Amino acid sequence: MNKSNHNSGLYKFENDISTNESPIAHLMKITDIKIFVSCPGRNFVTVKIETDKGIYGLGDATVNGREMSVAAYLEEHIKPCLIGKDAHQIEDIWQYLYKGAYWRRGPITMAAIAGIDMALWDIKGKVANLPVYQLLGGKSRHKIKVYAHANGETVEDTLDHAAQLIQEGFKAIRLQCKIPGLEGTYGTLEGKKNYYELQSNRPLPPEQPWDTHKYLNFIPQLFQKARERFGMDIELVHDVHSRLTPIEAAKLGKALEPYNLLFLEDSVTAENQAGYQLIRQHTTTPLAVGEIFNTIWDAKELIENQWIDYIRVAATHCGGITPMKRIADFAAVYHVRTAPHGAPDLSPICHAAHAHLNSWANNFGVQEYIGFGETALNEVFKHPLSLRDGYVLLADKPGLGVDFDEKAAQKYKYKRSYLPVTRLEDGTLWNW
Ligand code: EZ4
Ligand code: CO
(Lines give C-alpha, C1' and ligand atoms only; values in the text may rest on other atoms or scores of the structure.)
(Ligands and ions follow the chains in the order given, each with its own letter.)
Protein backbone atom coordinates (compact mmCIF):
# COMPACT_ATOMS: atom_id res chain seq x y z
CA MET A 1 0.00 0.00 0.00
CA ASN A 2 1.29 3.51 -0.72
CA LYS A 3 1.62 6.31 1.76
CA SER A 4 -1.52 8.18 0.69
CA ASN A 5 -3.60 5.06 1.23
CA HIS A 6 -2.13 4.62 4.68
CA ASN A 7 -2.97 8.18 5.63
CA SER A 8 -6.47 7.99 4.16
CA GLY A 9 -7.70 6.13 7.19
CA LEU A 10 -8.52 2.97 5.26
CA TYR A 11 -5.93 1.11 7.32
CA LYS A 12 -5.85 2.70 10.70
CA PHE A 13 -3.99 1.21 13.61
CA GLU A 14 -5.33 1.77 17.09
CA ASN A 15 -1.91 1.53 18.73
CA ASP A 16 0.97 3.08 16.88
CA ILE A 17 3.84 0.91 18.15
CA SER A 18 6.38 3.56 17.07
CA THR A 19 5.45 5.47 20.23
CA ASN A 20 7.54 2.98 22.26
CA GLU A 21 4.57 1.88 24.32
CA SER A 22 4.45 -1.86 24.79
CA PRO A 23 1.70 -3.38 22.67
CA ILE A 24 1.48 -6.23 25.20
CA ALA A 25 -1.49 -5.84 27.48
CA HIS A 26 -0.79 -8.76 29.80
CA LEU A 27 2.70 -8.17 31.10
CA MET A 28 3.37 -10.83 33.69
CA LYS A 29 6.56 -10.93 35.71
CA ILE A 30 8.41 -14.12 36.52
CA THR A 31 8.87 -14.02 40.32
CA ASP A 32 10.48 -17.40 41.01
CA ILE A 33 11.71 -20.56 39.31
CA LYS A 34 11.74 -23.73 41.37
CA ILE A 35 13.62 -26.85 40.33
CA PHE A 36 12.61 -30.23 41.78
CA VAL A 37 14.56 -33.47 41.38
CA SER A 38 12.47 -36.41 42.56
CA CYS A 39 12.20 -40.16 41.99
CA PRO A 40 8.60 -41.36 41.90
CA GLY A 41 9.61 -44.64 40.23
CA ARG A 42 12.41 -42.97 38.31
CA ASN A 43 14.21 -39.62 38.39
CA PHE A 44 12.56 -36.49 37.02
CA VAL A 45 13.72 -32.87 36.88
CA THR A 46 10.64 -30.64 37.14
CA VAL A 47 10.60 -26.87 36.57
CA LYS A 48 7.98 -24.61 38.11
CA ILE A 49 7.82 -20.96 36.99
CA GLU A 50 5.87 -18.63 39.27
CA THR A 51 4.54 -15.20 38.28
CA ASP A 52 3.31 -12.05 39.99
CA LYS A 53 -0.25 -12.86 38.85
CA GLY A 54 -0.26 -16.08 40.87
CA ILE A 55 -0.32 -18.26 37.74
CA TYR A 56 2.44 -20.86 37.48
CA GLY A 57 3.68 -23.15 34.72
CA LEU A 58 5.35 -26.59 34.74
CA GLY A 59 8.08 -28.03 32.52
CA ASP A 60 10.08 -31.27 32.22
CA ALA A 61 13.89 -31.03 32.10
CA THR A 62 14.87 -34.66 32.71
CA VAL A 63 18.02 -36.12 31.16
CA ASN A 64 18.19 -39.76 32.25
CA GLY A 65 21.46 -40.41 34.11
CA ARG A 66 22.50 -36.73 34.07
CA GLU A 67 19.65 -35.18 36.10
CA MET A 68 21.75 -33.11 38.50
CA SER A 69 23.62 -31.29 35.73
CA VAL A 70 20.36 -29.95 34.29
CA ALA A 71 19.16 -28.97 37.77
CA ALA A 72 22.41 -27.04 38.39
CA TYR A 73 22.24 -25.40 34.95
CA LEU A 74 18.71 -24.17 35.68
CA GLU A 75 19.42 -23.06 39.25
CA GLU A 76 22.74 -21.31 38.73
CA HIS A 77 22.72 -20.18 35.09
CA ILE A 78 19.11 -19.67 34.03
CA LYS A 79 17.01 -18.72 37.05
CA PRO A 80 18.86 -15.46 37.91
CA CYS A 81 18.50 -14.20 34.30
CA LEU A 82 14.75 -14.77 34.11
CA ILE A 83 13.46 -13.33 37.40
CA GLY A 84 11.57 -10.13 36.52
CA LYS A 85 11.19 -11.01 32.81
CA ASP A 86 7.78 -11.11 31.11
CA ALA A 87 6.48 -14.70 31.13
CA HIS A 88 4.58 -14.01 27.90
CA GLN A 89 7.76 -13.52 25.85
CA ILE A 90 8.24 -17.22 25.04
CA GLU A 91 10.07 -16.69 21.76
CA ASP A 92 12.42 -14.02 23.10
CA ILE A 93 13.21 -16.04 26.24
CA TRP A 94 13.90 -19.14 24.12
CA GLN A 95 16.31 -17.19 21.88
CA TYR A 96 17.88 -15.51 24.92
CA LEU A 97 18.67 -18.90 26.47
CA TYR A 98 19.80 -20.45 23.15
CA LYS A 99 21.73 -17.66 21.39
CA GLY A 100 22.47 -15.69 24.52
CA ALA A 101 24.40 -18.50 26.22
CA TYR A 102 27.01 -18.44 23.42
CA TRP A 103 27.34 -22.23 24.03
CA ARG A 104 24.67 -23.68 21.80
CA ARG A 105 22.98 -27.08 21.69
CA GLY A 106 23.84 -30.16 23.76
CA PRO A 107 21.49 -32.31 25.87
CA ILE A 108 21.93 -30.44 29.17
CA THR A 109 21.43 -26.94 27.73
CA MET A 110 18.49 -27.98 25.57
CA ALA A 111 16.72 -29.88 28.37
CA ALA A 112 17.10 -26.84 30.64
CA ILE A 113 15.65 -24.59 27.90
CA ALA A 114 12.87 -27.14 27.34
CA GLY A 115 11.86 -27.06 31.02
CA ILE A 116 11.49 -23.26 30.83
CA ASP A 117 9.77 -23.27 27.42
CA MET A 118 7.13 -25.84 28.43
CA ALA A 119 6.40 -23.96 31.65
CA LEU A 120 5.92 -20.71 29.69
CA TRP A 121 3.49 -22.36 27.23
CA ASP A 122 1.65 -23.78 30.25
CA ILE A 123 1.36 -20.25 31.71
CA LYS A 124 0.19 -18.74 28.43
CA GLY A 125 -2.50 -21.40 28.11
CA LYS A 126 -3.68 -20.80 31.67
CA VAL A 127 -3.86 -17.02 31.05
CA ALA A 128 -5.82 -17.58 27.82
CA ASN A 129 -7.90 -20.26 29.57
CA LEU A 130 -7.16 -22.53 26.60
CA PRO A 131 -5.36 -25.86 26.18
CA VAL A 132 -1.91 -25.43 24.57
CA TYR A 133 -3.03 -27.19 21.36
CA GLN A 134 -5.42 -24.26 20.79
CA LEU A 135 -2.51 -21.82 20.96
CA LEU A 136 -0.64 -23.93 18.38
CA GLY A 137 -3.51 -23.69 15.90
CA GLY A 138 -6.21 -26.05 17.11
CA LYS A 139 -6.78 -29.76 16.62
CA SER A 140 -6.01 -31.79 13.50
CA ARG A 141 -7.40 -34.94 15.18
CA HIS A 142 -9.42 -35.94 18.21
CA LYS A 143 -7.35 -38.99 19.25
CA ILE A 144 -3.67 -39.86 19.16
CA LYS A 145 -2.50 -43.21 17.80
CA VAL A 146 0.20 -44.85 19.91
CA TYR A 147 2.50 -47.85 19.68
CA ALA A 148 3.00 -50.00 22.75
CA HIS A 149 6.03 -52.16 23.65
CA ALA A 150 6.11 -55.95 23.62
CA ASN A 151 9.31 -57.44 25.06
CA GLY A 152 10.22 -60.99 25.97
CA GLU A 153 12.85 -63.59 26.72
CA THR A 154 11.85 -65.70 23.72
CA VAL A 155 9.93 -65.15 20.45
CA GLU A 156 6.91 -66.86 22.00
CA ASP A 157 7.16 -64.74 25.13
CA THR A 158 7.36 -61.52 23.07
CA LEU A 159 4.45 -62.53 20.84
CA ASP A 160 2.33 -63.52 23.87
CA HIS A 161 2.98 -60.05 25.23
CA ALA A 162 2.01 -58.56 21.84
CA ALA A 163 -1.19 -60.68 21.76
CA GLN A 164 -2.17 -59.25 25.12
CA LEU A 165 -1.57 -55.68 23.84
CA ILE A 166 -3.63 -56.36 20.70
CA GLN A 167 -6.42 -57.57 22.94
CA GLU A 168 -6.17 -54.34 24.93
CA GLY A 169 -6.82 -52.48 21.66
CA PHE A 170 -3.38 -51.29 20.53
CA LYS A 171 -3.10 -50.79 16.77
CA ALA A 172 0.70 -50.61 16.63
CA ILE A 173 3.29 -52.55 18.62
CA ARG A 174 7.06 -52.43 18.98
CA LEU A 175 8.65 -55.88 19.17
CA GLN A 176 11.93 -56.38 21.06
CA CYS A 177 13.25 -59.78 22.12
CA LYS A 178 16.24 -61.17 23.94
CA ILE A 179 18.69 -62.40 21.33
CA PRO A 180 19.55 -66.08 21.82
CA GLY A 181 23.04 -66.35 23.26
CA LEU A 182 23.12 -62.73 24.49
CA GLU A 183 22.24 -62.37 28.16
CA GLY A 184 20.10 -59.43 29.14
CA THR A 185 19.52 -57.77 25.79
CA TYR A 186 15.99 -56.51 25.12
CA GLY A 187 14.49 -59.13 27.45
CA THR A 188 12.24 -58.66 30.42
CA LEU A 189 14.63 -57.77 33.16
CA GLU A 190 14.65 -57.52 36.94
CA GLY A 191 11.01 -58.52 37.21
CA LYS A 192 9.94 -55.69 34.88
CA LYS A 193 7.37 -57.37 32.72
CA ASN A 194 6.97 -54.52 30.28
CA TYR A 195 10.32 -52.84 29.98
CA TYR A 196 13.82 -53.93 29.14
CA GLU A 197 15.87 -51.11 30.62
CA LEU A 198 17.97 -51.87 33.63
CA GLN A 199 17.69 -48.92 36.00
CA SER A 200 17.44 -47.60 39.55
CA ASN A 201 18.97 -49.03 42.72
CA ARG A 202 22.21 -49.43 40.83
CA PRO A 203 24.96 -47.02 41.80
CA LEU A 204 26.85 -47.56 38.53
CA PRO A 205 25.87 -48.24 34.91
CA PRO A 206 25.01 -51.92 34.30
CA GLU A 207 26.61 -53.58 31.27
CA GLN A 208 24.98 -55.65 28.54
CA PRO A 209 26.60 -57.73 25.76
CA TRP A 210 26.11 -57.26 22.01
CA ASP A 211 26.74 -59.33 18.89
CA THR A 212 25.57 -57.93 15.55
CA HIS A 213 25.85 -61.27 13.73
CA LYS A 214 23.56 -63.06 16.22
CA TYR A 215 21.14 -60.13 16.17
CA LEU A 216 20.86 -59.93 12.36
CA ASN A 217 20.30 -63.69 12.12
CA PHE A 218 17.53 -63.56 14.67
CA ILE A 219 15.35 -60.45 14.14
CA PRO A 220 13.74 -61.37 10.79
CA GLN A 221 12.45 -64.61 12.42
CA LEU A 222 10.76 -62.59 15.15
CA PHE A 223 8.83 -60.57 12.57
CA GLN A 224 8.10 -63.57 10.37
CA LYS A 225 6.53 -65.37 13.36
CA ALA A 226 4.65 -62.19 14.34
CA ARG A 227 3.06 -61.96 10.87
CA GLU A 228 2.24 -65.68 10.90
CA ARG A 229 0.47 -65.28 14.22
CA PHE A 230 -1.20 -61.84 13.86
CA GLY A 231 -1.60 -61.37 10.10
CA MET A 232 -0.82 -58.12 8.26
CA ASP A 233 -3.26 -55.70 9.95
CA ILE A 234 -1.40 -54.86 13.14
CA GLU A 235 1.33 -52.24 12.65
CA LEU A 236 4.79 -53.28 13.81
CA VAL A 237 7.85 -51.31 14.87
CA HIS A 238 11.37 -52.36 15.85
CA ASP A 239 14.02 -50.30 17.68
CA VAL A 240 17.62 -51.17 16.72
CA HIS A 241 18.93 -48.77 19.36
CA SER A 242 21.70 -47.55 17.04
CA ARG A 243 23.68 -50.78 17.18
CA LEU A 244 24.27 -51.28 13.44
CA THR A 245 26.38 -49.68 10.74
CA PRO A 246 24.56 -48.24 7.70
CA ILE A 247 25.18 -51.24 5.44
CA GLU A 248 24.07 -53.65 8.20
CA ALA A 249 20.94 -51.55 8.73
CA ALA A 250 20.29 -51.59 4.99
CA LYS A 251 20.52 -55.38 5.05
CA LEU A 252 18.11 -55.60 8.00
CA GLY A 253 15.68 -53.17 6.35
CA LYS A 254 15.64 -55.35 3.22
CA ALA A 255 15.18 -58.54 5.23
CA LEU A 256 12.21 -56.99 7.06
CA GLU A 257 10.44 -55.71 3.93
CA PRO A 258 8.08 -58.72 3.66
CA TYR A 259 6.82 -58.01 7.20
CA ASN A 260 5.81 -54.43 6.35
CA LEU A 261 7.05 -52.46 9.36
CA LEU A 262 5.54 -49.10 10.26
CA PHE A 263 9.17 -48.11 10.81
CA LEU A 264 12.60 -49.26 11.85
CA GLU A 265 13.84 -47.02 14.68
CA ASP A 266 17.38 -45.76 15.35
CA SER A 267 18.98 -48.22 12.98
CA VAL A 268 22.28 -46.31 13.11
CA THR A 269 23.63 -43.39 15.12
CA ALA A 270 22.94 -40.11 13.37
CA GLU A 271 25.86 -37.80 14.14
CA ASN A 272 26.78 -38.53 10.53
CA GLN A 273 23.38 -37.92 8.98
CA ALA A 274 24.51 -39.26 5.59
CA GLY A 275 24.52 -42.77 7.08
CA TYR A 276 20.78 -42.73 6.44
CA GLN A 277 21.30 -41.98 2.76
CA LEU A 278 23.09 -45.30 2.42
CA ILE A 279 20.28 -47.20 4.19
CA ARG A 280 17.69 -45.37 2.09
CA GLN A 281 19.32 -46.44 -1.17
CA HIS A 282 18.76 -50.09 -0.30
CA THR A 283 15.42 -50.50 1.41
CA THR A 284 11.78 -49.37 1.40
CA THR A 285 11.39 -50.16 5.11
CA PRO A 286 10.43 -46.75 6.58
CA LEU A 287 13.05 -45.18 8.84
CA ALA A 288 12.64 -43.29 12.11
CA VAL A 289 15.24 -41.50 14.26
CA GLY A 290 15.62 -38.57 16.64
CA GLU A 291 14.99 -39.44 20.30
CA ILE A 292 18.39 -38.06 21.35
CA PHE A 293 18.41 -35.08 18.98
CA ASN A 294 18.77 -31.67 20.64
CA THR A 295 17.92 -29.26 17.84
CA ILE A 296 16.50 -28.95 14.34
CA TRP A 297 20.11 -29.00 13.10
CA ASP A 298 20.48 -32.66 14.13
CA ALA A 299 17.66 -33.50 11.71
CA LYS A 300 18.25 -30.96 8.94
CA GLU A 301 19.92 -33.17 6.31
CA LEU A 302 17.85 -36.21 7.26
CA ILE A 303 14.66 -34.27 6.62
CA GLU A 304 15.57 -32.12 3.63
CA ASN A 305 17.06 -35.10 1.78
CA GLN A 306 14.03 -37.25 2.64
CA TRP A 307 16.29 -39.93 4.11
CA ILE A 308 13.83 -40.61 6.94
CA ASP A 309 10.06 -41.02 7.31
CA TYR A 310 9.51 -40.21 10.99
CA ILE A 311 11.24 -37.65 13.19
CA ARG A 312 11.25 -38.79 16.82
CA VAL A 313 12.42 -35.69 18.74
CA ALA A 314 11.08 -35.23 22.27
CA ALA A 315 10.03 -31.85 23.68
CA THR A 316 12.24 -32.33 26.75
CA HIS A 317 15.38 -33.09 24.75
CA CYS A 318 15.11 -30.68 21.84
CA GLY A 319 14.38 -27.43 23.68
CA GLY A 320 10.62 -27.55 24.30
CA ILE A 321 7.39 -26.90 22.45
CA THR A 322 8.69 -23.89 20.50
CA PRO A 323 11.30 -25.89 18.50
CA MET A 324 9.07 -29.01 18.27
CA LYS A 325 6.51 -26.91 16.37
CA ARG A 326 9.26 -25.59 14.11
CA ILE A 327 10.62 -29.09 13.43
CA ALA A 328 7.12 -30.47 12.68
CA ASP A 329 6.48 -27.69 10.15
CA PHE A 330 9.90 -28.16 8.54
CA ALA A 331 9.36 -31.95 8.35
CA ALA A 332 5.93 -31.52 6.73
CA VAL A 333 7.57 -29.86 3.72
CA TYR A 334 9.49 -33.10 3.06
CA HIS A 335 6.73 -35.66 3.74
CA VAL A 336 8.28 -36.56 7.10
CA ARG A 337 5.87 -37.28 9.95
CA THR A 338 6.37 -36.89 13.70
CA ALA A 339 6.63 -39.86 16.07
CA PRO A 340 7.74 -38.40 19.41
CA HIS A 341 9.86 -40.39 21.84
CA GLY A 342 7.66 -41.71 24.65
CA ALA A 343 10.06 -43.43 27.06
CA PRO A 344 9.24 -43.52 30.79
CA ASP A 345 12.22 -41.25 31.53
CA LEU A 346 10.18 -38.34 30.12
CA SER A 347 7.88 -36.97 32.80
CA PRO A 348 4.09 -36.73 32.36
CA ILE A 349 4.63 -33.00 31.64
CA CYS A 350 6.56 -33.93 28.49
CA HIS A 351 3.97 -36.57 27.56
CA ALA A 352 1.26 -33.92 27.90
CA ALA A 353 3.28 -31.47 25.77
CA HIS A 354 3.51 -34.21 23.11
CA ALA A 355 -0.25 -34.81 23.30
CA HIS A 356 -0.86 -31.11 22.56
CA LEU A 357 1.63 -31.14 19.68
CA ASN A 358 0.25 -34.44 18.38
CA SER A 359 -3.29 -33.06 18.47
CA TRP A 360 -2.21 -30.03 16.47
CA ALA A 361 0.37 -31.24 13.88
CA ASN A 362 -1.21 -32.27 10.59
CA ASN A 363 1.88 -34.40 9.90
CA PHE A 364 1.71 -36.32 13.18
CA GLY A 365 2.35 -40.04 12.64
CA VAL A 366 2.32 -42.06 15.88
CA GLN A 367 3.27 -41.62 19.54
CA GLU A 368 5.41 -44.10 21.50
CA TYR A 369 3.51 -45.20 24.60
CA ILE A 370 4.62 -46.97 27.76
CA GLY A 371 1.86 -45.83 30.10
CA PHE A 372 1.62 -44.29 33.54
CA GLY A 373 0.86 -47.35 35.62
CA GLU A 374 3.10 -46.65 38.60
CA THR A 375 1.34 -45.48 41.75
CA ALA A 376 4.10 -43.14 42.91
CA LEU A 377 4.19 -41.40 39.51
CA ASN A 378 0.44 -40.81 39.56
CA GLU A 379 0.64 -39.52 43.12
CA VAL A 380 3.17 -36.84 42.12
CA PHE A 381 1.88 -35.92 38.63
CA LYS A 382 -1.80 -35.44 37.76
CA HIS A 383 -2.00 -35.51 33.96
CA PRO A 384 -4.78 -35.05 31.38
CA LEU A 385 -4.05 -38.21 29.36
CA SER A 386 -6.08 -41.38 29.13
CA LEU A 387 -5.90 -44.44 26.90
CA ARG A 388 -8.80 -45.84 24.91
CA ASP A 389 -8.65 -48.57 22.29
CA GLY A 390 -5.04 -47.90 21.30
CA TYR A 391 -5.38 -44.11 21.26
CA VAL A 392 -4.39 -41.46 23.80
CA LEU A 393 -7.12 -38.96 24.61
CA LEU A 394 -6.26 -35.48 25.86
CA ALA A 395 -8.69 -33.90 28.33
CA ASP A 396 -9.40 -30.18 27.80
CA LYS A 397 -7.66 -28.25 30.56
CA PRO A 398 -6.02 -24.80 30.43
CA GLY A 399 -2.30 -24.87 29.57
CA LEU A 400 -0.63 -28.30 29.46
CA GLY A 401 -3.15 -29.66 31.95
CA VAL A 402 -0.62 -31.26 34.33
CA ASP A 403 -0.28 -30.68 38.05
CA PHE A 404 2.66 -31.51 40.26
CA ASP A 405 2.36 -32.33 43.98
CA GLU A 406 5.49 -30.81 45.54
CA LYS A 407 4.89 -32.42 48.95
CA ALA A 408 4.38 -35.88 47.48
CA ALA A 409 7.50 -35.40 45.33
CA GLN A 410 9.58 -34.75 48.47
CA LYS A 411 8.86 -38.29 49.66
CA TYR A 412 10.55 -39.74 46.60
CA LYS A 413 14.20 -38.73 46.85
CA TYR A 414 16.51 -38.63 43.86
CA LYS A 415 18.54 -41.83 43.43
CA ARG A 416 21.64 -41.84 41.25
CA SER A 417 20.89 -44.14 38.35
CA TYR A 418 22.12 -44.82 34.84
CA LEU A 419 21.05 -46.32 31.57
CA PRO A 420 23.09 -49.44 30.73
CA VAL A 421 26.20 -49.50 28.57
CA THR A 422 26.88 -52.15 25.95
CA ARG A 423 30.05 -54.07 25.13
CA LEU A 424 30.94 -56.60 22.47
CA GLU A 425 31.92 -60.01 23.80
CA ASP A 426 35.63 -59.07 23.52
CA GLY A 427 35.07 -56.01 25.71
CA THR A 428 34.79 -53.31 23.02
CA LEU A 429 32.41 -50.54 24.08
CA TRP A 430 29.38 -50.36 21.78
CA ASN A 431 26.24 -48.22 21.42
CA TRP A 432 23.52 -49.03 23.97
O1 EZ4 B 1 16.34 -45.16 24.71
O2 EZ4 B 1 14.36 -44.97 27.65
O3 EZ4 B 1 12.31 -45.64 22.12
N4 EZ4 B 1 12.64 -45.76 23.26
C5 EZ4 B 1 13.85 -46.12 23.63
C6 EZ4 B 1 14.25 -46.22 25.10
C7 EZ4 B 1 15.16 -45.06 25.43
C8 EZ4 B 1 15.52 -44.94 26.88
C9 EZ4 B 1 16.24 -43.63 27.14
O10 EZ4 B 1 15.40 -42.57 26.96
O11 EZ4 B 1 14.66 -46.32 22.77
O12 EZ4 B 1 14.93 -47.42 25.34
CO1 CO C 1 14.12 -45.73 20.82
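Nothing fancy with the numbering, it's 1 onward along the sequence. For ligands, and for the atoms within them, numbers begin at 1 and follow the listed sequence. Worth saying up front: this structure is predicted, and the values here are computed from it rather than measured.
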Problem set entry | Angle in degrees, rounded to 10°, that OD2 of Asp239 and OE2 of Glu265 form at the Co ion (ligand 2) | 80°
Exercise. Can an N or O of Tyr147 be found at a distance shorter than 3.5 Å from an N or O of ligand 1?
Worked result: no
Problem set entry | Side-chain donor or acceptor of His241 paired with backbone N/O of Arg243 under 3.5 Å | no
Seminar exercise, completed: Restricting Glu291 to its N/O/S atoms, the closest one to the Co ion (ligand 2) is OE1
Exercise. With distance as the sole test, does Gln89 use its side chain to make a donor-acceptor pair with the main-chain N or O of Lys85 at under 3.5 Å?
Worked result: no
For this session: Below 4.0 angstrom from a heavy atom of Ala343, which ligand 1 atoms are there? Numbered from 1 as shown, please.
Result: 2 (O), 10 (O)
Exercise. Does a side-chain N-to-carboxylate-O contact under 4.0 Å join Glu91 and Arg326?
Worked result: yes
Seminar exercise, completed: Quick note, ring pair (Phe, Tyr, Trp, His ring centres under 6.0 Å) partners involving residues 282-324, not counting sequence neighbours, are Phe263-Tyr310
Exercise. For His149, is at least one N or O under 3.5 Å away from an N or O on ligand 1?
Worked result: no
Problem set entry | Distance filter under 4.0 Å to Glu368 heavy atoms, resulting ligand 1 atoms | 3 (O), 4 (N)
Problem set entry | Which of the ligand 1 atoms, numbered from 1, are nearer than 4.0 Å to a heavy atom of Arg174 | 3 (O), 4 (N), 5 (C), 11 (O)
Problem set entry | Note, Asn294 side chain near Pro107 side chain (heavy atom, < 4.5 Å) | yes
For this session: Report yes if some N/O of His241 lies less than 3.5 Å from some N/O of ligand 1; otherwise report no.
Result: yes
Exercise. Counting N and O atoms only, with roles assigned by atom type, does the side chain of Glu248 sit under 3.5 Å from a partner on the main chain of Thr245, one being a donor and the other an acceptor?
Worked result: yes
For this session: With heavy atoms only and a cut-off of under 4.0 Å, state how Gln176 meets ligand 1: side chain, backbone, both or neither.
Result: neither
Exercise. Which bit of Leu346 gets closer than 4.0 Å to ligand 1, counting heavy atoms only: side chain, backbone, both or neither?
Worked result: neither
Exercise. Can a cation-pi geometry be assigned to Lys145 and Phe170, taking NZ or CZ under 6.0 Å from the six-membered ring centre and within 45° of the ring axis?
Worked result: no
